[in-house]
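Below is one structure, written out as structure tokens, with a few remarks after it.
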Amino acid sequence: MALFGEQMKRPTRNVRAMTMFKVGDVTVDRIEEEYGPKFPIDMMVPSFTMDLVDEHGPAEFAPHIDLDSQLAKVSVHTWLVRTPRSTILIDTCNGNHKERPNMPDMGGLDTPWLQRLEAAGVKPEDVDYVICTHLHLDHVGWNTSLVNGEWVPTFPNAKHVFNRTEFEFWRPDNPASAPLEFNAGVFDDSVLPIFDRGLAELWDGDHDVDEVFHLEMAPGHTPGNAVAWLESRGERVCFAGDTMHSAVQVYEPGWSSGFCVDSTESAATRKRLLDRVVEKNAILAPAHFSAPHAFRVIPKGDKFAVQGAV
């Protein structure tokens with residue numbers, strides 16, 4: 001996994017880019033940290049071959065892959081969800097000033113992500129919940145900010161909702177996670193300061209955040225990986241986190257990413273999730289899909305296809 005930091009390309013775009021849509025009474029905004037061609041697609045999704053592009057046509061994949069360089073177009077973003085009762089952040093990107101020796105292109109950042117959040121109308125003290133679908137470095141970074149040499153919670157009034165299995169897996173004293181050196185230091189600087197200040201809420205099984213927002217286990221990418229479902233006035237969206245990293249995995253659900261702890265379980269989870277997304281006619285909003293970032297999914301033979309932007 002340490003090789004990912006060496007081969008990753010710095011994104012080419014770093015501007016305030018927003019995606020906004022409505023789901024019933026709920027407003028969803030995308031708060032971007034970075035975006036652009038980033039990972040070789042056959043490293044992000046090791047099973048990938050250009051045969052998939054030949055099968056479906058280059059136009060189908062041009063939004064998701066730079067076909068000349070074969071770099072996957074990757075977005076690192078947070079979903080900002082405003083329900084009638086709550087202001088919720090789903091995954092908090094890499095954060096600024098984090099030391100990431102094994103993933104150097106994801107550390108030492110100085111992005112205006114927080115200013116983009118405030119431009120969307122939300123100040124840090126306004127946030128009620130921070131949902132981390134899992135505890136990889138690019139999903140917990142803005143949980144904390146560096147203040148006078150100390151990592152302190154960025155969102156002082158928010159409950160930070162972590163799956164208990166995930167929390168226990170990444171504890172530094174757990175030998176099972178020790179070999180995953182790409183995530184070194186993340187628990188200490190972006191999770192533990194939240195827990196120590198009593199701002200963490202650990203959950204098992206399924207978990208209701210409020211009356212329209214629900215968390216479910218989706219293991220495979222990590223042991224405690226989760227997805228969030230939102231339903232308002234009969235409309236639905238699935239915030240899929242890292243159950244899939246690229247739209248190529250919609251077309252080929254059996255292709256797991258190179259980041260998954262258990263690729264077999266990840267593939268099974270992804271297939272079940274896509275079946276439900278189609279059944280519920282839900283918007284699919286993963287954590288890293290390229291523009292337009294949120295999609296409808298339709299069945300295509302015995303697999304699936306991206307229908308287009310919401």
Side-chain angles (χ1 to χ4, degrees), residues 17-32 35 41 44-45 48 52-53 55-67 72-83 88 90-91 120 131 133 212-216 218 220-221 225-257 266-310:
M18 302 292 289
T19 303
M20 191 276 282
F21 56 92
K22 295 276 289 185
V23 181
D25 294 328
V26 177
T27 301
V28 179
D29 292 273
R30 189 184 64 91
I31 311 300
E32 181 178 293
Y35 179 79
I41 184 61
M44 172 174 274
V45 183
F48 175 82
L52 185 68
V53 178
E55 178 183 349
H56 295 280
E60 197 89 354
F61 291 95
H64 314 295
I65 306 169
D66 183 315
L67 294 174
K73 297 177 184 178
V74 176
S75 177
V76 181
H77 58 252
T78 296
W79 292 109
L80 163 63
V81 178
R82 282 174 276 198
T83 80
I88 303 168
I90 306 172
D91 294 323
I131 310 298
T133 58
V212 300
F213 195 91
H214 177 75
L215 296 173
E216 295 179 358
H221 180 59
N225 189 60
V227 298
W229 287 90
L230 171 67
E231 181 173 354
S232 177
R233 294 189 178 274
E235 299 179 14
R236 302 173 182 86
V237 58
C238 176
F239 297 99
D242 279 6
T243 54
M244 56 201 85
H245 289 73
S246 169
V248 303
Q249 294 171 284
V250 175
Y251 294 85
E252 290 289 347
W255 292 359
S256 292
S257 81
S266 175
T269 292
R270 186 163 43 257
K271 176 63 165 62
R272 287 194 301 269
L273 188 69
L274 288 167
D275 279 332
R276 289 183 64 197
V277 166
V278 170
E279 177 189 353
K280 294 176 177 291
N281 191 31
I283 296 167
L284 178 67
H288 298 301
F289 270 29
S290 53
H293 310 290
F295 300 82
R296 298 284 183 182
V297 176
I298 57 174
K300 190 169 186 178
D302 60 352
K303 296 178 183 176
F304 307 94
V306 169
Q307 188 178 42
V310 299

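- Sequence neighbours left out, not one pair with a member in residues 284-295 passes salt bridge (Lys or Arg N to Asp or Glu O under 4.0 Å).
- Judged by distance alone, with hydrogens and angles left aside, the side-chain atoms of Gln249 form a donor-acceptor pair with the main-chain N or O of His245 at under 3.5 Å.
- Checking side-chain atoms of Arg296 against main-chain N and O of Asn281 turns up a donor-acceptor pair under 3.5 Å.
- Between His293 and Trp79, the closest side-chain pair of non-hydrogen atoms falls below 4.5 Å.
- Side-chain atoms of Leu274 and Leu284, non-hydrogen and from C-beta on, do get closer than 4.5 Å to each other.
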Does the side chain to side chain contact (heavy atoms under 4.5 Å, CB included) test come out yes or no for Val26 and Phe21, once each step is laid out? CA-CA 9 Å; Val26 177; Phe21 56 92; over 6 Å; no

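- Formation of a donor-acceptor pair under 3.5 Å by the His77 side chain with backbone atoms of Ala287 is found in this model.
- Contacts of Phe48 classified as ring-ring contact (aromatic ring centres under 6.0 Å, His included), with partners at least two apart in sequence or in another chain: none.
- For the side chain to side chain contact (heavy atoms under 4.5 Å, CB included) test, residues two or more places apart in sequence or in another chain that qualify with Arg272 are Ala268, Thr269.
- Side chain of Thr27 to backbone of Arg82: no donor-acceptor contact under 3.5 angstrom is found.
- Proximity of Met44 to His288: side-chain heavy atoms (C-beta onward) are nowhere separated by under 4.5 Å.
- With hydrogens and angles ignored, the 3.5 Å screen pairs a side-chain donor or acceptor of Lys73 with a backbone N or O of Ala62.
- Evaluation of the side chain to side chain contact (heavy atoms under 4.5 Å, CB included) rule for Glu55 yields Leu52 as partners, not counting sequence neighbours.
- Residues passing the ring-ring contact (aromatic ring centres under 6.0 Å, His included) test with Phe289 are Phe295, sequence neighbours excluded.
- Checked by atom type and distance alone, the side chain of Asp29 never pairs as donor or acceptor with a backbone atom of Met20 at under 3.5 Å.
- Within the 4.5 Å cutoff, the side chain of Met244 has heavy atoms near those of the Leu273 side chain.
- Note on residues 234-248: pairs passing salt bridge (Lys or Arg N to Asp or Glu O under 4.0 Å), not counting sequence neighbours, are Glu231-Arg236.
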Any chance you could lay out the side chain to side chain contact (heavy atoms under 4.5 Å, CB included) test for Ile131 and Phe213, step after step, and finish with the verdict? CA-CA 11 Å; Ile131 310 298; Phe213 195 91; 3.9 Å; yes

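- Residues Phe239 and Leu230 have side chains in contact (heavy-atom distance under 4.5 Å, counting atoms from C-beta outward).
- Shown are His56, His64, Glu60; of these, the side chain to side chain donor-acceptor pair (under 3.5 Å) with Tyr251 is made only by Glu60.
- Note that the NZ atom of Lys280 and the CH2 atom of Trp229 stand 6.0 Å from one another [nearest 0.5 Å].
- In this structure, CG in Asp91 is found 3.5 Å from OG1 in Thr133, a value given to the nearest 0.5 Å.
- Between atom OG1 of residue Thr83 and atom CG of residue Asp25 there is a gap of 9.5 Å, rounded to the nearest 0.5 Å.
- Between Arg30 and Ser75, the closest side-chain pair of non-hydrogen atoms falls below 4.5 Å.
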